[in-house]
Amino acid sequence: GAVVSQHPSWVICKSGTSVKIECRSLDFQATTMFWYRQFPKQSLMLMATSNEGSKATYEQGVEKDKFLINHASLTLSTLTVTSAHPEDSSFYICSVGAVYTDTQYFGPGTRLTVL
Amino acid sequence: GESVGLHLPTLSVQEGDNSIINCAYSNSASDYFIWYKQESGKGPQFIIDIRSNMDKRQGQRVTVLLNKTVKHLSLQIAATQPGDSAVYFCAENIGDAGNMLTFGGGTRLMVKP
């Protein structure tokens, strides 16, 4: 399977600041990456689909101006949480779509805590 | 809307016993299914997958069964070990949706020593 990294693994920030999370596909070129959010004891909620070289596709109810996604290369997608508030505290996970199957391979996740 | 769901939120088994985790899906157009394991504080880890043209697939200590008639998916873990303790998610993919997956609610597996 694909090897996916995320950075940082955890971050604590003050309310009102912006936080950038990086997702890297380490062993193959990913034209499609996905961003999920997961609250404690809940399933994964898809936030957006990140397409290399084009705008991300956001799921209903996800504010595109708050959660900025950039997929500038085939190995890197970034999620920026702008003007973060305590309710944005969550576990953010990215995944890459494998072109040879319909599988997604996930990164280790980033724990965001907004004070 | 259509979704993937699970029968049991928590499953507790004795070490060495076999575990069976179930998943019901409602989208008849789904043709690819995946089981993921998620340990606390980590991202989901791919375990095993199965396509709709199969009804059984085996891996190392794991078997996935697919019953398309009743839209039911199960994950069997043989000789369950403490390291198997985690939350298990099933996910489904619709053939024309690329890599898009719909996740079930998850089942927590607790292995008692």
Side-chain angles (χ1 to χ4, degrees), chain A residues 1-10 21 23-26 28 30-52 56-61 77 90-113, chain B residues 1 3-10 21 23-25 27 29-54 57 59-60 64 66 86-110:
Chain A
V3 180
V4 183
S5 70
Q6 281 185 241
H7 179 81
S9 56
W10 60 270
I21 302 170
C23 176
R24 293 183 183 273
S25 175
L26 300 181
F28 81 92
T31 55
T32 304
M33 291 185 176
F34 301 89
W35 286 97
Y36 292 84
R37 180 167 52 183
Q38 186 179 36
F39 293 105
K41 298 183 180 181
Q42 293 188 22
S43 187
L44 287 75
M45 185 192 79
L46 179 65
M47 299 175 66
T49 302
S50 173
N51 303 296
E52 189 268 336
T57 303
Y58 290 82
E59 294 300 299
Q60 191 173 10
S77 177
S90 189
F91 193 51
Y92 291 86
I93 315 171
C94 72
S95 68
V96 302
V99 295
Y100 48 89
T101 71
D102 296 318
T103 308
Q104 289 182 26
Y105 294 97
F106 287 83
T110 296
R111 173 74 59 193
L112 171 63
T113 302
Chain B
S3 64
V4 179
L6 296 175
H7 297 304
L8 299 172
T10 303
I21 301 172
C23 179
Y25 66 96
N27 193 332
S30 296
D31 63 357
Y32 178 61
F33 304 87
I34 309 171
W35 280 102
Y36 288 95
K37 172 186 179 183
Q38 186 178 27
E39 297 176 276
S40 181
K42 298 182 179 180
Q45 175 188 2
F46 174 92
I47 300 175
I48 192 169
D49 59 359
I50 188 168
R51 292 208 171 269
S52 60
N53 60 352
M54 303 173 67
R57 191 163 189 225
Q60 189 176 19
V64 55
L66 175 63
V87 176
Y88 290 81
F89 293 97
C90 63
E92 63 178 329
N93 172 274
I94 303 173
D96 60 354
N99 294 105
M100 293 283 288
L101 296 176
T102 300
F103 283 83
T107 294
R108 178 173 298 280
L109 176 64
M110 300 176 63

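Letters go in sequence order (proteins before strands), and every chain restarts at 1.
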Inset, instruction - State, to 0.1 Å, how close B:Met100 and A:Phe34 come at their nearest heavy-atom pair, and which atoms those are. - result: SD-CE2, 3.5 Å
Legend entry - CG-CD distance between B:Asn93 and A:Gln104, expressed to the nearest 0.5 angstrom: 8.5 Å
Inset, instruction - Identify which part of A:Gln38 has an atom lying under 4.5 Å from any heavy atom of chain B, answering side chain, backbone, both or neither. - result: side chain
Legend entry - Validation row, ring centre B:Phe103 to ring centre A:Tyr36 under 6.0 Å: yes
Legend entry - Heavy-atom side-chain contact between A:Tyr105 and B:Gln45 under 4.5 Å: no
Legend entry - Shortest non-hydrogen contact from B:Gly43 toward A:Ile93: CA-CG2, 4.5 Å
Legend entry - Expected output: side-chain A:Ser43 to main-chain B:Gly106 donor-acceptor under 3.5 Å: no
Legend entry - Closest contact, heavy atoms only, B:Asp49 versus A:Thr103: OD2-OG1, 3.9 Å
Inset, instruction - Name the region of A:Ser95, side chain, backbone, both or neither, that has any atom closer than 4.5 Å to a heavy atom of chain B. - result: neither
Inset, instruction - Go through the atoms of B:Gln38 and report whether side chain, backbone, both or neither lie under 4.5 Å from a heavy atom of chain A. - result: side chain
Inset, instruction - Please indicate whether B:Met54 has more than 12 foreign heavy atoms, meaning atoms of other residues, nucleotides or ligands, lying under 6.0 Å from its CE. - result: yes
